[in-house]
Amino acid sequence: MDNRALTRAFRLAAQLLELHGENPFKIRAYEGTASALEALSFPVADVERTGLPDRTGLSKTAAAKVAEMLDTGSFEELDRLLATTPPGVVELLKIKGIGPKKIRSLWKDLGIEDGTQLRAAAENDEVSKLKGFGQKTQQSILDALDFTDQSRGKLLYPQGEELAHELLAHLEAAPGTAQAAVSGEVRRRLETIETVLLVAATTDAATARQVLNGLDGLTADPRRSGPFAWRGTATASGVQVEVRLVSPAEFVNQLLLTSATDAHLNGALTDELLPGQPASLRQWLKREQFATETELYQRAGLQYIEPELREGLWELPLARQQKLPQLLEPGDLRGSLHNHSTYSDGTHSLREMATFLRDGGYEYLGICDHSQAAHYANGLPVERVRQQHQEIDQLNQELAPFRIFKGIESDILSDGGLDYAPAVLETFDFIVASVHSNLKMDERKATTRVLRAIENPYTTMLGHPTGRLLLRREGYPLDHKAIIDACAKHNVIIEINANPWRLDLDWRWVHYALEQGVQLSINPDAHHTSGYADMRYGVLMGRKGGLTKATTFNTKSVEEAAEYFARRKAGIKPPLDFQDSLFG
DNA sequence: GCCGTTTTCGGCCCGACTGTTTTCAGTCG
């Protein structure tokens, strides 16, 4: 059991205590335990049980519960709370916008025990009549229920990829399998996965089906399955699973058919067709069996198209002209910008964050702790900014040629302003501007707000443009075109936040951003040394939009990045002019 | 529940925002 699972258990216990109306200070104690576990930079499971209180700083009783969790997967108090709460009510805790107190009221006053009953009550206008509720709360509950319904049975990309590879290993081991591959949405690298799809070439489809039927964690759906396709769901997540079973000769064709959208398969191949010439990739696939994917594209007169580009958006015309970009590779990245340390809400110290990245072969770290308005995330008052800069100067001497750039993730305030006075802003090498508060603006307001931040000469980079949390929270609505155009005009880099929950800028806008000449940066937003690995997901999303080494900011060498930051800073006009125009 | 101690119980606590109120509770990051 890892620290995250432990943290989740104690946070759940705290929420359940609140749901049951127990002592607020007891609740706070459990939350404190959760936060303490979250902040630990080593795996608690590795610690000797007797040394737990000393190593973790937890009280004896909390440490005992942690030990119980590690040994049994739960602890008595949590079991008791779960036993006395209907499972459907526990589920309601996941809904954004209502917390334990409101759920308690729905449960105790209206007898609501799950999401279905909650929806019915809201639709019958019963919820708005409860004390402390009103029309707006009722509507936001309905909206949130809609969002959870849409998210049900979907996985984030990394979870989908993991499941796909587990299944792949089972299929490859099955007798009769000649070849198997992950296809579908996972192969196309979609940010969320509805169906995990694999293709297996087998001489013994019956055995392959038996293997799948016998797998723990899968529920077969015989009604939707047939001789050439096994269909079902992953029991835990409810995500759809589909395995196409084909003869070895059909393998490549099936892989091609399942790893592209209809738009890609049906798109026109030429402007003028010769008689009898296939008009689309699908027609080629109907006519011939291919031994490799490259062969199909060659026969169709196209440059080879990587699976992640097979969306039917802009890749076919470019492939016709042999002008597809050489896509970014993870190995092209030479530094990592936008990361957190213990100065704000990160788990690892500045030194740990730096040396880990250096030892991983990177040339530079951009540290961007939260700015002062982000109290919840321990944002940095001016004094702590100065402290951090001193430490960075020391570390830079010690760790050279590795370099730490002085960054900040400045909150974009409600009026679009940045979170420090110009005199402070100018002490940073670069500034990532992100929205973290007041997320419910309409599109016009939200866009104006972000535009102001982009126009601010101190803004080097726009952080997670929409604030979305995939499968959890819609981003605020934004006029992407206006935002990207402004970034082009004001020479602001846009981040592809590589955290699997965010993947924001959305890959669908990457191509447009590149057309406008905007540079993108693959930023992990790491709060822990393990977070750097997320950069891979950012690379995958960038590739979907046609991102290349040349158009990615953090493929620059440390010297190039330093020079860019310096040059950009030198171009900033005197701060007073700007203040006048912003607030005048 | 936890901490700290003038040792056995009193105090513990982020601030902004929203939607509900008519002075504040709940939620969020």
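Each chain gets a letter, A, B and so on, in the order its sequence line appears, and its residues count up from 1. Computed over heavy atoms, backbone and side chain alike; hydrogens, waters and symmetry mates excluded.
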(request) From the options B/dC17, B/dC28, B/dC2, select the nucleotide whose nearest atom is closest to the side chain of A/Ala29. (result) B/dC2

(request) Have a look at B/dT18 and give me syn or anti from its glycosidic angle (syn if within 90° of zero). (result) anti

(request) Could you check how far CD of A/Glu22 sits from P of B/dC2, rounded to whole Å? (result) 14 Å

(message) Rounded to whole Å, how long is the line connecting atom NZ of A/Lys136 with atom P of B/dG19?
(response) 4 Å

(request) Please tell me which of the listed nucleotides, B/dG1, B/dG29, B/dT18, lies nearest to the side chain of A/Lys26? (result) B/dG1

(message) If you only use heavy atoms from C-beta on, which nucleotide in B/dT20, B/dC3, B/dG29 is closest to the side chain of A/Ser59?
(response) B/dC3

(message) Measuring from the side chain of A/Lys102 (C-beta onward, heavy atoms only), which nucleotide among B/dT27, B/dG1, B/dG29 has the closest atom?
(response) B/dT27

(message) Around atom CZ of A/Arg351, are there more than 12 heavy atoms from other residues, nucleotides or ligands closer than 6.0 Å?
(response) no

(message) Before we go on, tell me: are the rings of A/Tyr420 and A/Tyr458 under 6.0 Å apart, centre to centre?
(response) no

(request) Among B/dG26, B/dC13, B/dC17, find the nucleotide with the atom closest to the side chain of A/Arg28. (result) B/dC13

(message) In whole Å, I'd like the distance from the CD atom of A/Glu76 to the C1' atom of B/dG1.
(response) 16 Å

(message) Expressed as a whole number of angstroms, how long is the span from A/Ile27:CD1 to B/dC12:C1'?
(response) 13 Å

(request) Give the rounded distance in Å between these two atoms: CD of A/Glu18 and P of B/dG26. (result) 8 Å

(request) Would you mind telling me which of B/dT27, B/dG29, B/dC2 lies closest to the side-chain atoms of A/Ile98? (result) B/dT27

(message) Are A/Tyr532 and A/Tyr362 an aromatic pair, judged by ring center distance below 6.0 Å?
(response) no

(message) Less than 4.0 angstrom from a charged side-chain N to a carboxylate O is my criterion; do A/Asp109 and A/Arg104 meet it?
(response) no

(request) Please indicate whether A/Arg80 has more than 12 foreign heavy atoms, meaning atoms of other residues, nucleotides or ligands, lying under 6.0 Å from its CZ. (result) yes

(request) Find the distance A/Ile412:CD1 to B/dC17:C1' and express it as a whole number of Å. (result) 18 Å

(message) What is the distance, to the nearest angstrom, from the CZ atom on A/Phe25 to the C1' atom on B/dC9?
(response) 14 Å

(request) State which of B/dC28, B/dC17, B/dG26 makes the closest approach to the side chain of A/Lys101. (result) B/dG26

(message) Without decimals, in angstroms, what is the distance between A/Leu58 CG and B/dC3 P?
(response) 9 Å

